[in-house]
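Everything below concerns the one structure shown next.
All chains are named by letter (A, B, ...) in the order of the sequence lines, taking the proteins before the strands, and each is independently numbered beginning at 1.
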2 protein chains.
Amino acid sequence: MQSRRGAGALVGAGFADLDMQATRTTDLDGNDKVGTICRALRRAIIEQALEPGAKLPEDALGERFGVSRTIARHALGQLAAQGLVELRRNRIAVVATPSWQEARAAFDIRIELERLVVRQLAGNLSRAQIAELKAHVDAEEAARAGPDAVSIRLATEFHILLASMTNSPILIRYVSEVAYRCCLTLSLYSRPHSSECAINEHRAIIDALAAGKADDVIALMHTHLDSVASRALLSPAKPRERDLLEILAPYAADESGAGKVRRKADLNGGASE
Amino acid sequence: MQSRRGAGALVGAGFADLDMQATRTTDLDGNDKVGTICRALRRAIIEQALEPGAKLPEDALGERFGVSRTIARHALGQLAAQGLVELRRNRIAVVATPSWQEARAAFDIRIELERLVVRQLAGNLSRAQIAELKAHVDAEEAARAGPDAVSIRLATEFHILLASMTNSPILIRYVSEVAYRCCLTLSLYSRPHSSECAINEHRAIIDALAAGKADDVIALMHTHLDSVASRALLSPAKPRERDLLEILAPYAADESGAGKVRRKADLNGGASE
DNA sequence: GGCATCAGCCTTGCATGCAGTTTGGTTTAT
DNA sequence: ATAAACCAAACTGCATGCAAGGCTGATGCC
């Protein structure tokens with residue numbers, strides 16, 4: 001046994017069912033144990049089982065996945081390279097907590113990358129591929145009954161599925177990475193997910209892709225991603241649990257006027273600094 | 001000591017002067033030993049001291065940099081995540097050898113990303129930043145006398161310098177990564193580097209940025225990168241040492257001409273051993 | 001009572017050791 | 001002589017052990 005104390009940090013985070021699942025994505029990670037941990041952690045992150053800021057001690061990870069710290073450490077390094085984890089020297093790794101500006105930048109990048117995807121794909125999809133896309137959207141539809149986390153993951157994976165049809169490893173990788181990053185930001189800034197419109201937009205994109213109308217697809221994808229970003233990032237700062245100092249600011253100075261809600265949050269809220 | 005055989009693989013690769021240099025770039029890598037090795041290796045790769053396909057045994061790396069295999073391994077993992085190194089299970093890591101299609105895709109992505117950069121930067125640069133850019137181009141100019149490798153590196157770093165002025169960590173990172181990848185492909189497919197035009201184009205971009213004419217800058221950057229890509233990737237396939245089968249094809253049927261060059265050494269020797 | 005100091009544990013940083021896989025040369029059988 | 005089999009060295013995959021740095025709670029001082 002190697003755990004000392006931190007094991008508890010992860011135990012409650014909902015790992016029960018995603019240990020060895022390690023399904024597709026693409027091949028952002030290898031096929032070895034490191035890759036397994038990466039996929040499991042990423043999935044936990046994008047499904048919000050691990051919220052931004054959650055601690056990821058090497059010991060606990062290693063114990064949980066039945067590997068040594070060495071491997072857990074390596075996996076954290078990979079996830080850090082993908083921007084999902086923050087690694088500070090001599091400190092416990094944590095799930096990344098992108099700022100609002102970073103989130104916005106990620107969406108901007110994503111829009112450009114996915115423009116490349118649909119530009120290349122428009123009119124070049126096989127019948128089987130179109131069927132696969134439609135099946136995925138059907139799965140999204142079905143998942144509306146389930147938890148939001150799954151809907152969000154499926155919506156993200158729709159875009160990754162699209163990218164994977166380009167057969168361009170680089171494009172696939174960057175789209176995957178940035179899509180996951182965007183997905184991560186949703187858990188930070190987005191209000192309860194409303195997926196119905198996204199699903200319709202996905203269907204529209206598929207139709208336009210099948211019709212081969214490149215310009216239309218590009219426009220559709222752009223507005224789709226833009227609206228996703230807008231829904232997610234509407235308020236320049238809606239720090240859920242991000243900055244303890246900001247959260248507690250309203251409570252800080254009101255020893256007297258107990259009923260008041262001092263909107264200190266506007267400070268970094270409006271200015272979006 | 002820990003080297004067994006492969007130590008020699010790297011000794012001849014020109015590491016003498018780039019061990020602990022570990023200059024800026026941005027913060028693609030950490031500040032620790034792993035980051036040091038990453039930066040050194042990346043620099044060796046983009047300066048073509050390590051050609052695509054060169055072997056990178058963990059032992060040799062560790063010995064050369066005075067660290068254990070663990071660290072060397074981690075560094076290789078990071079570089080693999082950035083696409084500069086290829087990692088196959090149970091096999092020696094090698095410098096990445098992107099296909100022509102991948103190279104083209106990398107340039108396409110780069111064009112989009114750098115469009116974001118200049119769009120954001122146009123008209124928003126301080127006097128000091130403009131001076132810094134001009135100084136960099138001057139350095140490029142000065143480096144024309146030196147080896148091509150340095151010119152290529154400086155040209156790449158001009159773009160990274162631009163990106164770093166956006167203050168968007170994500171954009172900086174992706175531009176850096178993809179720029180390095182493109183730089184790597186130059187050593188595969190490009191003919192002897194001709195840098196004079198690139199330098200002029202860089203100056204033009206700076207001027208347009210300073211003038212704040214966003215559309216002009218975007219167009220300039222686009223044509224600049226496009227021409228770089230064209231110069232580099234003009235011939236859809238010019239495999240320098242890539243495909244052993246292709247290289248040896250001419251030699252296949254001539255047992256008679258014995259006085260020819262003893263190509264045995266170039267087989268795997270040209271790259272690493 | 002409040003604040004600075006400090007000690008001990010938790011955690012990371014890194015090296016080393018062992019086991020399994022690949023490699024390339026040698027041996028052996030045809 | 002050729003090709004299959006084999007064997008030893010090299011290399012990777014991974015776990016473990018030790019030292020150093022950060023965090024937490026306790027102690028002492030103001």
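- Side-chain atoms of A:Arg39 and A:Arg43, non-hydrogen and from C-beta on, never get closer than 4.5 Å to each other.
- In this structure, CD1 of B:Ile92 is placed 9 Å from C1' of C:dT23, rounded to the nearest angstrom.
- Nearest nucleotide to the B:Pro57 side chain, out of D:dC11, C:dT12, D:dA15: D:dC11.
- If you measure from atom CD1 of B:Ile37 to atom P of C:dG13, you get 14 Å, rounded to the nearest angstrom.
- Atoms CG (B:Leu76) and C1' (D:dC11) sit 13 Å apart, rounded to a whole Å.
- Between the CD atom of A:Glu63 and the C1' atom of D:dT16 there is a distance of 15 Å, given to the nearest Å.
- Residues A:Thr70 and A:Ala93 each lie close to DNA chain C; by heavy-atom proximity, the contact nearer the 5' end of the strand is made by A:Ala93.
- Residues B:Leu171 and A:Asp108 are not in side-chain contact: their nearest non-hydrogen atoms beyond the backbone lie 4.5 Å or more apart.
- Regarding contacts with the backbone of C:dT12, every side-chain N or O of A:Arg89 stays at 4.0 angstrom or more from both OP1 and OP2.
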Intermediate values then yes/no, side-chain contact (heavy atoms from CB on, under 4.5 Å), A:Leu84 and A:Leu41: CA-CA 9 Å; A:Leu84 292 182; A:Leu41 279 182; over 6 Å; no
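- Residue-to-nucleotide contacts include a donor-acceptor pair under 3.5 Å from the side chain of B:Arg69 to the base of D:dG13.
- The nearest whole Å value for the distance from the CZ atom in A:Phe65 to the P atom in D:dA15 is 13 Å.
- Proximity note for B:Asn90 (side chain, C-beta onward) versus D:dG21, D:dT16, C:dT21: the nearest is C:dT21.
- The distance from atom NZ of A:Lys55 to atom P of D:dC23 is 9 Å, rounded to the nearest whole Å.
- In this structure, A:Leu87 atom CG and D:dG22 atom C1' are separated by 15 Å, rounded to whole Å.
- Nearer to the 5' terminus of DNA chain D, by closest-nucleotide assignment, is the contact made by A:Ile71 (compared with the other of A:Arg88 and A:Ile71).
- Atoms CG (A:Asp32) and C1' (C:dT21) sit 14 Å apart, rounded to a whole Å.
- Considering only side-chain N and O atoms, B:Arg73 lies nowhere under 4.0 angstrom from the phosphate OP1 or OP2 of D:dC11.
- Here D:dT12 is the nucleotide among C:dC14, C:dT12, D:dT12 with the atom lying nearest to any side-chain atom of B:Glu58.
- Here the closest heavy-atom approach between residue B:Gly77 and residue B:Leu87 is recorded as CA-CD2, 4.0 Å.
- Between A:Ile109 and A:Arg181 the shortest side-chain heavy-atom distance does not fall below 4.5 Å.
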